[in-house]
Amino acid sequence: MKTSNFPIFTVKSDPSDAEVVSHKLMIKSGMIRKLSSGQYTWLPLGLRVIDKIQDIVRNELNRIDCREILMPLIQPNELWKESGRWSEYGPELLRFKDRHEREFCFGPTFEEVITDLLRQDLSSYKQLPINLFQISTKFRDEIRPRFGVMRSREFIMKDAYSFHASASCLDISYSKYMKAYKNIFNSLMLDFTMVDADSGNIGGSESHEFHVIANTGEDDLLLDDSNNGMNIEIAKEKYQEENLEKIVGKSGMTLKKGIEVGHIFKLGTKYSKPMNLRFTDENSKINDVFMGCYGIGISRVVAAAIEQNYDDKGIIWPKTMSPFQVALIELDSKKNTGIREYTENIYKALKNNGVDVIHDNRDLKLGNKLADWELIGIPNILIIGQKETENKNITLKRRDEEEKREVASEFINDSSLTV
RNA sequence: CGGGGUGUAGCGCAGCUUGGUAGCGCGGCUGGUUUGGGACCAGUAGGUCGUAGGUUCGAAUCCUAUCACCCCGACCA
């Protein structure tokens, strides 16, 4: 990839309407632009980060044999009436009529649609378990969207659903997802915790939340020294206490702020029963299907990762979700074709090595280019100008190091440049 | 929905109190000099001052309405 055909839209000044650091940095680095409140366009740079996260999520879900599907964004109200949520779900559910006066809603979550899907094709216990997921844009008409993509109305979510012949099978699957989620957030290199949670609007018997720990988080968590614990609603119930300070005293644990990036639920038969999703078991008996559902806020993960990894220069990406592994800066190439040739060779060699590299061939000064790539947060910056071309070496500036250093051109084979 | 705030050039802002026909920084474009941490000089383009109405000889400025956006709260994955 070269900057000549990969638009870089960095800006110098802080956007006037951004409050939290992730929102500011996502705008400044040119990852997103606002369309209207709670709705953002993902630019090429931002979308690369989304893609990196999705790759990791897909990989882990494939490992537990969860298969990908894609469901429509707009859903007919009949299904929601069947489940009872047409009346239960608040104004967050954006409803509208089509030209035939049929009522629809924008999908905030997909239990109804997938339950309907499965009841058409599921009949026997021999087909179970079934695990499906999708990654798609969801819409929730938030009371107050805020903090950029942290709490937006349109957002990208991975939602998975599992279907089982019994509660014990659901339990087994639930722990598989729990493990997969831990793998996902470990792969994303985030400081996170899993806590006992309230199942809220989605419903069901048991649920756990995954939080990225960050001071700017909107959720209160009660955690012990190893960051195990529960969300604050559960804590209030458990300790029969509303006052947060008293809860801390009673529990001996600490209050921390978290950004909820994942939530897993044991739904049981909450949807299968009212919507008649049933199967015939080995004794020819008809039973309700046991279900689980498992969400990850992909777009929110991006913001959460930044809240946890930045400095005064900009973002510091965990390498697994960085839009690029290497920014290759070419200097002064106008006056000396040897520089261009040497840089081009390094670029090609990096690509041949499978390094995810962006070649900055813009006609800008070193300071401008460094500032851009440090703002964007690329882990490795390689600089090539007159000096390096003559010495046949490269200057390396790591995002997490203060000083630049000269390395031999063979450095392009270094394993630290790949994920 | 309640409270607070902001809308002026692509971005960030000043001007508004005290009405006289719009300015600064950054960015853009052209030319030149530069070039290893956000260069300099010269020139140039770009704005129905959120929108609508009103007051006035005259409105970015005063009045009314309205819309959008941000913050706090209630709510929520």
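To find a chain, count down the sequence lines: A is the first, B the second, and so on, and within it residues start at 1.
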If we take the [atom1] atom in both [N] and [M], what is their distance in whole Å?
N      : M      : atom1 : value
U61(B) : G20(B) : C1'   : 11 Å
C41(B) : G25(B) : P     : 11 Å
C16(B) : G23(B) : P     : 15 Å
A60(B) : G7(B)  : C1'   : 12 Å
A42(B) : A52(B) : C1'   : 44 Å

I need a per-nucleotide contact map over nucleotides 30-38 of chain B, read 5' to 3'. Cutoff is protein heavy atoms under 4.0 Å; write B for the base, S for backbone only, - otherwise. -----SBBB

Qualifying salt bridge (Lys or Arg N to Asp or Glu O under 4.0 Å) pairs, either residue in residues 292-310 of chain A, two or more places apart: none

Arg146(A): which residues meet the side-chain hydrogen bond (donor to acceptor under 3.5 Å, both in side chains) condition with it, sequence neighbours left out?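 Here no residue qualifies.
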
Ring-face cation contact, Tyr239(A) with Lys246(A), 6.0 Å cut, 45° max: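 No.
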
If you draw the axis of the six-membered ring of Tyr347(A), does the NZ or CZ of Lys2(A) fall within 45° of it and under 6.0 Å from the ring centre?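 Judged by the rule, Lys2(A) and Tyr347(A) form a cation-pi pair.
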
Salt bridge check, Glu60(A) against Arg63(A): does any charged N sit closer than 4.0 Å to a carboxylate O? yes

Under 4.0 angstrom, heavy atoms only, what part of the nucleic acid is Glu218(A) near: base, sugar-phosphate, or nothing?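 No contact.
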
Contact class for Phe147(A) vs. all strands (heavy atom < 4.0 Å): base, sugar-phosphate, or nothing? sugar-phosphate

Is it the case that C76(B) (base atoms only) and Arg151(A) (side chain only) share a donor and an acceptor within less than 3.5 Å, ignoring hydrogens and angles? yes

Given Glu406(A), Glu374(A), Glu402(A), the one that forms salt bridge (charged side-chain N to carboxylate O under 4.0 Å, His left out) with Lys397(A): Glu374(A)

Taking the side chain of Lys34(A) as its heavy atoms from C-beta onward, which of C69(B), G73(B), A77(B) lies nearest to it? C69(B)

In the structure shown, which nucleotide is the Watson-Crick or G-U wobble counterpart of C16(B), with both distances under 3.5 Å?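 C16(B) is unpaired by these criteria.
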
With both distances under 3.5 angstrom, what nucleotide forms a Watson-Crick or G-U wobble pair with G36(B)?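 Partner of G36(B): none found under 3.5 Å.
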
Does one side chain, of Asn393(A) or Glu388(A), offer a donor that lies under 3.5 Å from an acceptor on the other?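 The criterion, which ignores hydrogens and geometry beyond distance, is not satisfied for Glu388(A) and Asn393(A).
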
Ile27(A) CD1 to G10(B) P: how many Å, rounded?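 My rounded result for the distance is 17 Å.
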
